[in-house]
Amino acid sequence: MSRTAFRTCPLCEATCGLELTVEDDGAVTRVRGDEQDVFSHGYVCPKALSLPQLHDDPDRLRTPLRRNDAGELEPCTWEQALAAIDAGLRGVQERGGRDAVALYIGNPSVHNLSAPLYGRVLAKALGSRNVYSASTVDQYPKQLASALLFGGGLTVAVPDLDRTDHLLLLGANPLVSNGSLMTAPDVRGRLRAIQRRGGRVVVVDPRRSRTAEVADEHLPIRPGGDALLLAAMAATLFAERLVRPGRLTPHLSGLDELRELLQPFTPELVAPAVGIDAATIRRLARELAAAERAVVYGRMGTTTQTFGTTASWLIDVLNVLTGNLDEPGGAMFPLPATGGANVRGTPGSGRGARVGRWASRVRGLEEVFGELPVACLAEEIETPGEGQVRALITLAGNPVVSTPNSARLDAALASLDFVVSLDLYVTETSRHADVILPAPSPLERSHYDIALYGFAVRNVANYSPPLLPLPAGLQDEWRTLLALTGIVTGQGPAIDVDALDDFVALELVRRDAADPSSPVAGRDPQQLLAALAPRRGPERLLDAMLRTGPYGDHFGAAPGGLSLAALEAAPHGIDLGPLEPRLPAALRTASGTVELAPQRVVADLPRLEQALAEAEAEAGGAERPMVLVGRRDLRSNNSWMHNLPLLAGGPGRCTALLHPDDAARLGLRDGAPVRVRSRVGEIELPAQLDDGIMPGVVSIPHGWGHGVDGVGWRRAAAAGGVNANLLADELLVDPLSGNAVLNGIPVALAPVAVEPVGSAG
Ligand SMILES: Nc1nc2c(c(=O)[nH]1)N[C@H]1C(S)=C(S)[C@@H](COP(=O)(O)OP(=O)(O)OC[C@H]3O[C@@H](n4cnc5c(=O)[nH]c(N)nc54)[C@H](O)[C@@H]3O)O[C@H]1N2
Ligand SMILES: Nc1nc2c(c(=O)[nH]1)N[C@H]1C(S)=C(S)[C@@H](COP(=O)(O)OP(=O)(O)OC[C@H]3O[C@@H](n4cnc5c(=O)[nH]c(N)nc54)[C@H](O)[C@@H]3O)O[C@H]1N2
Ligand code: SF4
Ligand SMILES: [Mo]
């Protein structure tokens with residue numbers, strides 16, 4: 001007999017519903033899209049189909065590993081593993097203080113219920129300034145810009161895809177990535193629908209991506225040119241009296257200052273730097289203003305560049321100026337079922353952005369939202385002195401492949417006194433660990449997208465119980481995170497995890513009860529806790545968040561409202577409706593307005609003018625270096641799914657895409673090896689000629705190059721490819737957010753001399 005089960009795919013931000021067929025012996029024999037899913041309606045991509053292979057992967061860890069006296073990783077019991085961690089971390093804390101232990105949190109922790117809830121508990125307990133994450137090689141500039149404009153780093157406006165008539169998309173390829181900071185299953189279908197209702201999709205990207213191919217217009221841009229393009233578009237709106245913020249007008253500040261600040265950025269002046277002519281820039285601005293419902297959206301290409309925060313800020317500035325912020329069909333703020341910081345507190349104002357409370361020890365990069373930029377992790381490990389990092393905990397991350405100047409970080413990790421990794425595999429990163437703690441497979445854990453529903457293009461909620469029981473040897477990741485919490489707070493390796501969990505849950509409801517803006521304000525925390533019984537772990541916390549959230553049953557005070565039980569009874573999810581306007585109530589700026597001219601960004605505008613001057617000088621003759629950008633492909637997931645036959649196979653995808661004119665100039669041939677060199681490193685890989693990429697630009701995907709000593713993913717190691725982050729320069733960051741520059745890295749290309757046949761001596 002077989003059974004059918006439904007669950008949300010945890011592999012990317014799209015949150016698709018899956019229908020799985022499970023045999024009596026636990027084998028998952030079929031995966032397909034859940035036609036009845038309230039959000040994805042049956043859509044899936046090839047990654048979801050690989051879930052059974054991920055589950056069955058013989059290389060996936062099923063017991064803890066610890067390093068033995070011979071220096072090899074060997075299986076051990078949880079007791080042994082935790083005892084080794086206790087000894088290792090405590091030693092480092094005693095010698096070097098709290099900051100000596102660093103934490104790196106990777107991307108899959110966002111696609112997980114335990115990690116965000118209990119990772120936060122661990123981070124807080126650790127009490128270290130050295131907290132890092134994949135967010136600073138990703139979306140931090142967008143979050144910072146959002147915090148400066150609206151007062152909260154999670155108050156991110158997302159494109160209302162299903163109602164817009166005009167989508168201007170910069171530096172994103174959602175047909176392949178399936179969307180980011182825009183949770184929307186089946187982006188292709190949603191873009192087609194825009195076109196079917198007579199709307200337009202315009203893509204700005206140095207490369208003719210899959211998304212650019214289906215768009216109505218593709219405009220190649222010089223990497224890093226987005227802030228200048230957007231500034232000139234905004235300046236055009238002012239110059240042509242097209243600024244119409246509409247309903248938001250009384251809630252804006254800094255509009256006049258903005259007009260002054262943007263004046264220097266005329267379309268004529270920015271055109272050479274941007275690579276788009278002045279007439280087109282004006283047209284883009286006019287089209288945006290003319291469309292009934294329009295939205296500007298930017299992703300990786302706009303955030304992981306030197307003007308990441310400025311470009312992200314200008315995207316929402318354009319949405320405001322054209323009257324499209326917080327309006328249907330424009331850029332809107334989701335209202336997730338678990339609530340969030342912009343739901344609680346005084347509606348309409350708050351503390352504003354929290355940044356710069358401390359700085360990194362070596363380079364002085366500022367803290368943003370409690371984290372330091374991962375681009376400075378290696379130097380914090382290498383540089384002696386007070387506060388030097390001597391131990392590292394990695395949670396669902398592979399920074400050795402995913403962050404800039406990989407070779408330097410790789411060497412730095414090897415020099416640490418102690419490393420603990422929570423991971424599914426022995427990776428390029430976890431191979432440095434003294435202890436690796438395994439996590440359950442995605443089919444062995446429950447799931448709810450706490451983070452991603454905050455970026456969804458519709459308000460939805462969907463909970464998935466575990467599909468398969470935990471096998472002996474594995475434990476839930478929240479238990480592991482609480483055990484580590486006990487260790488880093490000096491309570492030893494044998495802490496009572498359930499007691500600590502009771503404490504965490506009580507703290508949550510206590511805070512709720514003490515919060516005047518909470519629907520359970522003033523109620524008895526013990527009673528609230530009792531009402532959550534017998535749930536524990538992430539289910540208990542999730543239930544509390546749902547019940548006190550904007551759609552919640554308020555612990556009985558709002559009968560019929562949402563709770564975890566309601567979600568359990570709805571395996572295809574619950575649709576909570578289209579996005580609704582949320583301003584000014586969702587604002588948490590100190591002024592209680594949308595702060596259009598935030599000081600942090602304004603103070604950096606001279607740097608943008610400087611870039612203009614440099615581009616002018618270059619146009620005057622100096623030869624421009626080639627610049628490196630990244631790309632993703634459908635059958636990949638950052639660095640970690642190349643061990644699965646369904647995703648690893650096929651022709652080599654790790655190639656250097658470049659324009660035939662550049663190839664001719666540089667003496668490079670299609671398929672022949674090319675050497676790519678940056679300030680920090682050098683790699684060799686096959687060239688792939690493509691007239692869809694802008695001359696002067698070379699595109700290389702990240703996440704490859706697993707063939708290094710000691711990794712446990714054998715198929716990945718044999719899959720070929722090279723690590724693009726051997727080229728990414730850790731000194732190149734967006735200075736406002738500290739986020740790494742992964743798009744727009746100066747490189748030099750040369751053919752690899754092939755030894756003539758017979759010349760070998
Ligand atoms: N050059 C370049 N570099 C980039 C990018 C780029 O575009 N170009 N993109 C950047 C972006 S956007 C991101 S998000 C980062 C990603 O950076 P990271 O998050 O550091 O790297 P991942 O490749 O996602 O590795 C995730 C790790 O988590 C493990 N894992 C998976 N699921 C679980 C789980 O449930 N529990 C635990 N404990 N572990 C799990 C996997 O085995 C893997 O080792 O890479 C960044 N790096
Ligand atoms: N299949 C697959 N899906 C994924 C992932 C994956 O690895 N594989 N990773 C997931 C993660 S962690 C994330 S964060 C998202 C990212 O999602 P996206 O941002 O949609 O994906 P990217 O492919 O990085 O798209 C960036 C685009 O920016 C372009 N670009 C480069 N430089 C510039 C520039 O200066 N200006 C402009 N305008 N464009 C530029 C690139 O050519 C590329 O097409 O994808 C997620 N989904
Ligand atoms: S698009 Fe993302 S969420 Fe949907 S099936 Fe593919 S990997 Fe899973
Ligand atoms: Mo990402």
Side-chain angles (χ1 to χ4, degrees), residues 7-18 31-34 37 39-40 42-51 106-108 110-111 133-140 142 168-188 203-212 218-230 274-276 297-308 311 315 402 442 449 452 627-642 647 657 692-694 697 699-703 741-745:
R7 60 188 292 108
T8 306
C9 175
L11 295 175
C12 89
E13 296 182 41
T15 71
C16 300
L18 306 179
V31 180
R32 45 180 213 163
D34 174 6
D37 184 275
F39 197 22
S40 62
Y43 176 83
V44 276
C45 85
K47 273 187 288 184
L49 308 184
S50 73
L51 273 171
N107 169 277
V110 175
H111 305 266
S133 82
S135 294
T136 51
V137 281
D138 192 347
Q139 83 289 353
Y140 243 41
K142 177 69 180 180
L168 173 61
L169 193 149
L170 305 104
N173 186 13
L175 254 64
V176 165
S177 70
N178 282 297
S180 180
L181 299 184
M182 175 178 85
T183 286
D186 189 15
V187 171
R188 178 191 285 265
V203 170
V204 176
D205 194 307
R207 185 170 71 90
R208 192 168 63 225
S209 63
R210 289 270 298 279
T211 308
H218 168 219
L219 293 164
I221 185 170
R222 285 193 55 202
D226 302 80
L228 288 170
L229 167 69
L230 297 161
V274 171
I276 298 174
Y297 162 77
R299 214 29 212 103
M300 283 298 279
T302 60
T303 55
T304 53
Q305 52 150 292
T306 43
F307 294 104
I315 284 171
S402 300
D449 282 298
L452 302 176
V627 289
L628 170 66
V629 299
R631 71 174 187 273
R632 289 171 155 76
D633 85 282
L634 203 52
R635 292 184 302 121
S636 77
N637 203 10
N638 296 321
S639 78
W640 69 280
M641 294 189 74
H642 295 134
L647 302 185
L657 270 190
I693 189 161
M694 196 176 193
V697 180
S699 159
I700 303 178
H702 74 288
V741 172
L742 302 172
N743 284 294
I745 299 163

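Order of listing sets the numbers, starting from 1, for every ligand and every atom in it. The model shown is predicted, which means the values in this text are computed figures rather than measured ones. All values below come from the heavy atoms of this structure, side chains included, with hydrogens, waters and symmetry mates left out. For reference, positions follow the sequence shown, starting with 1.
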Could you tell me the residue and atom name of the protein heavy atom closest to [atom], and the distance to it rounded to 0.1 Å?
atom	value
atom 7 (O) of ligand 2	Asn638 N, 2.7 Å
atom 5 (C) of ligand 2	Arg632 NE, 3.2 Å
atom 14 (S) of ligand 2	Asp138 OD2, 3.2 Å
atom 42 (O) of ligand 2	Asp205 OD1, 2.7 Å
atom 2 (C) of ligand 2	Ser636 O, 3.2 Å
atom 3 (N) of ligand 2	Lys47 NZ, 3.2 Å

For Thr15, is there any backbone N or O sitting under 3.5 Å from a side-chain donor or acceptor partner on Thr8?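 Absent.
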
Asp138 and Arg299 ion-paired at < 4.0 Å: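 Between Arg299 and Asp138 there is a salt bridge, with a charged N closer than 4.0 Å to a carboxylate O.
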
Scan side-chain atoms only and decide if Glu13 and Ser180 contain a donor-acceptor pair under the 3.5 Å cut-off.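 Yes, side-chain donor-acceptor contact under 3.5 Å.
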
Ignoring hydrogens and angles, state whether a donor on the side chain of Arg632 or Asn638 is under 3.5 Å from an acceptor on the partner side chain.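 There is such a pair (donor and acceptor under 3.5 Å, judged by atom type) between the side chains of Arg632 and Asn638.
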
Cys16 N/O/S atom closer than 2.8 Å to atom 2 (Fe) of ligand 3: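 False for Cys16.
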
So that I can check it, does any N, O or S atom in Cys12 come closer than 2.8 Å to atom 8 (Fe) of ligand 3?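 Under 2.8 Å: Cys12 has no N, O or S contact with atom 8 (Fe) of ligand 3.
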
Can you check which of [options] brings a heavy atom nearest to [atom]?
atom	options	result
atom 40 (C) of ligand 2	Gly298, Pro206, Ser209	Pro206
atom 45 (O) of ligand 2	Ser180, Ser177, Ala311	Ser177
atom 1 (N) of ligand 2	Asp633, Asn637, Thr211	Asp633

Report the part of Asn637 in contact with ligand 3, treating N, CA, C, O as backbone and CB onward as side chain, heavy atoms under 4.0 Å; options are side chain, backbone, both, neither.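 Neither; nothing of Asn637 gets under 4.0 Å from ligand 3.
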
